[in-house]
Number of protein chains: 2
Amino acid sequence: MTVLPRPAARARPTMNDVAREADVALKTVSRYVNGEQNINAAMAERIADAIARLGYRRNLSAASLRPGRSSRTVGLVISDLANPHWAALARGAERAATDRGYLLVTGSSEEDGARHDALVDRMLDQRLDGLVVVPPREPGRPWSALVPPVPPVVFVDRPLDTPGAHAILADDRDGARAAVASLVRAGARRVALVGDSWLIPAMAARREGYRDALADAGLPDDPALQHDGAHSLTQAQELVAGLLGTPAGGAPPVDAVFAANNRASLGALHAFRDAGRRLPLVGFDDFEAATLLDPPVSVVAQDVGGMGAAAVHLLLDLLGGTADVPSRVVVPTTLHLRGSERP
Amino acid sequence: MTVLPRPAARARPTMNDVAREADVALKTVSRYVNGEQNINAAMAERIADAIARLGYRRNLSAASLRPGRSSRTVGLVISDLANPHWAALARGAERAATDRGYLLVTGSSEEDGARHDALVDRMLDQRLDGLVVVPPREPGRPWSALVPPVPPVVFVDRPLDTPGAHAILADDRDGARAAVASLVRAGARRVALVGDSWLIPAMAARREGYRDALADAGLPDDPALQHDGAHSLTQAQELVAGLLGTPAGGAPPVDAVFAANNRASLGALHAFRDAGRRLPLVGFDDFEAATLLDPPVSVVAQDVGGMGAAAVHLLLDLLGGTADVPSRVVVPTTLHLRGSERP
DNA sequence: CTGAAAGCGCTAACAG
DNA sequence: CTGTTAGCGCTTTCAG
């Protein structure tokens with residue numbers, strides 16, 4: 001029995017093949033494919049036929065080779081796609097990209113500078129048209145270290161370390177302030193702040209808002225109440241479990257918790273469940289099960305999907321040279337009081 | 001005042017520029033950049049210097065132009081990145097891709113055939129190396145309609161409508177059977193099935209498992225208990241709210257719910273909360289807050305991230321021509337009984 | 001309005 | 001081990 005060689009995968013037809021088949025010049029096919037107007041109707045029809053007959057597909061990658069031509073692809077670097085917060089951001093970004101004919105490349109940095117930088121490098125080498133970036137907690141190389149020309153970048157949740165950098169930010173400070181104020185209004189006097197590293201600009205801003213609310217109420221700003229070690233749900237859970245225990249040295253106990261992101265909220269809720277005892281709680285960032293719990297969890301909601309979409313729209317406007325592109329967009333937050341802020 | 005023309009953005013240096021700067025041939029730079037070994041050390045150093053001096057970055061897009069050369073980019077088409085289930089799948093896929101030096105392009109079909117097909121077309125035109133695809137509920141064009149050559153595709157959650165198609169599947173039938181069996185064991189006799197369209201292969205398989213469990217227990221297979229209209233959380237909620245009311249025509253009431261995906265579980269829980277009354281419940285697919293609820297929600301868990309990673313690994317093995325690539329991988333599920341299965 | 005020729009940044013043959 | 005030449009699929013001058 002003879003083994004036939006596997007037939008060589010037929011190569012895709014090229015524009016040249018179409019031109020030959022339709023008996024027109026290459027350039028005419030190019031014009032047709034690009035939707036240019038000035039084409040003889042008869043030729044257009046011959047070309048359409050040839051394309052159908054050959055099963056021709058345009059090679060966008062080749063089309064974008066020439067400098068100045070866009071690849072219609074943008075990149076998004078976040079910390080972790082599996083976190084519903086970032087997934088919502090990515091979804092918003094993706095929708096905006098698709099709506100405008102772009103493809104979205106995503107990557108998770110896992111809050112690691114080196115990983116983040118590697119993703120950015122890879123995306124730059126791929127010649128994506130632009131990037132939406134959420135810088136990692138552990139910063140790697142400064143953005144300014146990149147040798148220009150660098151494609152446009154829109155930062156989310158981050159300070160502007162590059163002059164003229166564009167950014168989409170939530171009104172973290174104001175949201176946190178409203179959250180903590182609601183706890184104080186419900187009677188809390190010693191509100192614990194459970195957050196991720198202060199190196200994260202959004203976190204630092206939320207701490208400011210926390211302090212604002214305390215100051216507004218004439219309460220002391222006690223650093224011992226402010227925790228920035230909740231990098232994960234588990235760490236937040238352990239941290240809050242500690243808060244529920246008897247404080248060392250006879251310090252007065254914590255009487256409420258402000259969870260500065262959705263991991264912290266869930267961690268606190270796990271700790272409450274484990275201890276069989278809960279403290280008044282308000283979280284930053286809404287989460288799916290917030291209204292299912294008893295009591296329902298109060299949160300400061302931000303339109304995360306909207307922020308992702310806004311970032312991509314801003315990026316594409318930048319690319320398109322649209323005039324008057326704002327360099328900084330601050331998105332408001334909304335406080336949803338559902339009951340968990342009360343003792 | 002004279003407006004100076006914006007200085008032309010300096011073009012990126014090319015390999016040619018590096019070659020000139022280092023005074024070697026273009027091809028030598030190419031060799032260096034590709035990590036080939038046979039290079040004179042002195043030359044290598046001159047090249048390295050030139051690259052640093054010029055801030056040269058390789059253009060991967062140009063490098064992949066030549067047929068047969070990979071773009072090191074794969075695509076993923078799911079239904080909705082904002083659904084934690086798909087986000088977890090995407091995260092797994094992304095991790096596998098990154099680990100192997102690939103970039104991941106993601107797109108959400110919103111369960112719409114046309115949108116799905118458009119995403120696939122776009123990805124094919126971009127000449128991605130391969131695709132991981134979760135076909136939409138409302139099918140669009142059949143895969144076989146694509147004119148070859150088509151890059152490798154790995155399907156997730158889908159039947160093999162193309163000969164030789166590769167797929168990663170959860171053991172839906174077995175998982176559903178275990179879930180329903182646990183409800184029956186706890187005393188349920190009329191278990192409602194709340195799911196999405198039976199057109200979705202995974203859903204059809206879960207219904208089979210549901211029927212298996214009923215048959216095992218000698219219970220009747222009552223179509224009136226099997227609902228496939230829960231396409232969203234809200235629809236599931238309304239559906240379950242209806243089940244909690246008095247059944248029309250004096251039919252015996254439903255006494256337990258098997259929620260066939262995470263949207264259905266959450267919808268059911270919302271309906272329970274609204275009604276102030278709950279039914280025994282087991283859900284398919286774990287979710288973040290399952291253990292926070294009272295009682296904690298029992299689920300059939302699947303390793304969604306693992307499935308995403310497996311899909312990409314299978315795809316890349318296919319691409320690499322690795323021998324013995326399985327054409328079908330079935331991933332087992334695990335039943336977590338937490339209490340909600342009991343009355 | 002159409003076409004021929006050149007070239008994008010890079011890799012593949014094939015000589016030296 | 002290095003360099004020269006051609007050419008990937010497409011767009012872009014610039015002539016007809």
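Proteins get letters first, then strands, A, B, ... in listed order; numbering begins at 1 in each.
Taking only side-chain nitrogens and oxygens, T28(B) comes nearer than 4.0 Å to OP1 or OP2 of dG3(D). A sub-4.0 Å separation between OP1 or OP2 of dC10(C) and a side-chain N or O of N16(B) is absent. Put simply, S30(A) has no side-chain N or O that comes within less than 4.0 Å of OP1 or OP2 on dC10(D). Using a 4.0 Å cut-off, some side-chain N or O of N40(B) falls inside it from OP1 or OP2 of dT2(D).
Put simply, the side chain of K27(B) and the base of dA12(C) share a donor and an acceptor less than 3.5 Å apart. Residue-to-nucleotide contacts include a donor-acceptor pair under 3.5 Å from the side chain of R31(A) to the base of dG3(C).
What you find for H313(A) and R100(A) is that their closest heavy atoms are ND1-NH1, 3.0 Å.
Side-chain atoms of D129(A) and S71(A) form a donor-acceptor pair, as typed in the model, at a separation below 3.5 Å.
Atom P of nucleotide dG9(C) and atom CG of D125(A) are separated by 14 Å, given to the nearest angstrom. Put simply, CE on M15(B) is 8 Å from C1' on dT11(C), counting in whole angstrom units. If you measure from atom CG of D23(A) to atom C1' of dG3(C), you get 12 Å, rounded to the nearest angstrom. Distance E36(B) CD to dT2(D) C1': 12 Å, rounded to the nearest Å. The nearest whole Å value for the distance from the CG atom in N59(B) to the P atom in dG9(C) is 8 Å. Nucleotide dG3(D) holds its P atom 16 Å from the OH atom of Y32(B), rounded to whole Å. With rounding to whole Å, L54(A) atom CG is found 13 Å from dG9(D) atom P. Distance, R69(B) CZ to dG9(C) P: 18 Å, rounded to whole Å.
Remark: D125(B) engages R57(A) in a salt bridge, criterion side-chain N to carboxylate O under 4.0 Å.
With dT2(D), dT11(C), dC8(D) as the choices, the nucleotide that has an atom nearest any side-chain atom of L65(B) turns out to be dC8(D).
Here L26(A) lies in heavy-atom contact (under 4.0 Å) with a base. Within the nucleic acid shown, N34(B) comes within 4.0 Å of sugar-phosphate atoms alone, with no base atom in reach, counting heavy atoms only. Backbone-only contact: Y56(B) has heavy atoms under 4.0 Å from sugar-phosphate atoms and none from a base.
Toward the 5′ end of DNA chain D lies the nearest nucleotide of R66(B), the other residue of the pair R66(B) and A63(A) mapping further downstream. Between V24(B) and R127(B), the residue anchored nearer the 5' end of DNA chain D, judged by the nucleotide with its closest heavy atom, is V24(B).
Atom-to-atom distance recorded for R328(A):CZ and L314(A):CG is 12.5 Å, nearest 0.5 angstrom. Once rounded to the nearest 0.5 Å, the distance linking CG of L26(B) with CG of D17(B) reads 10.0 Å.
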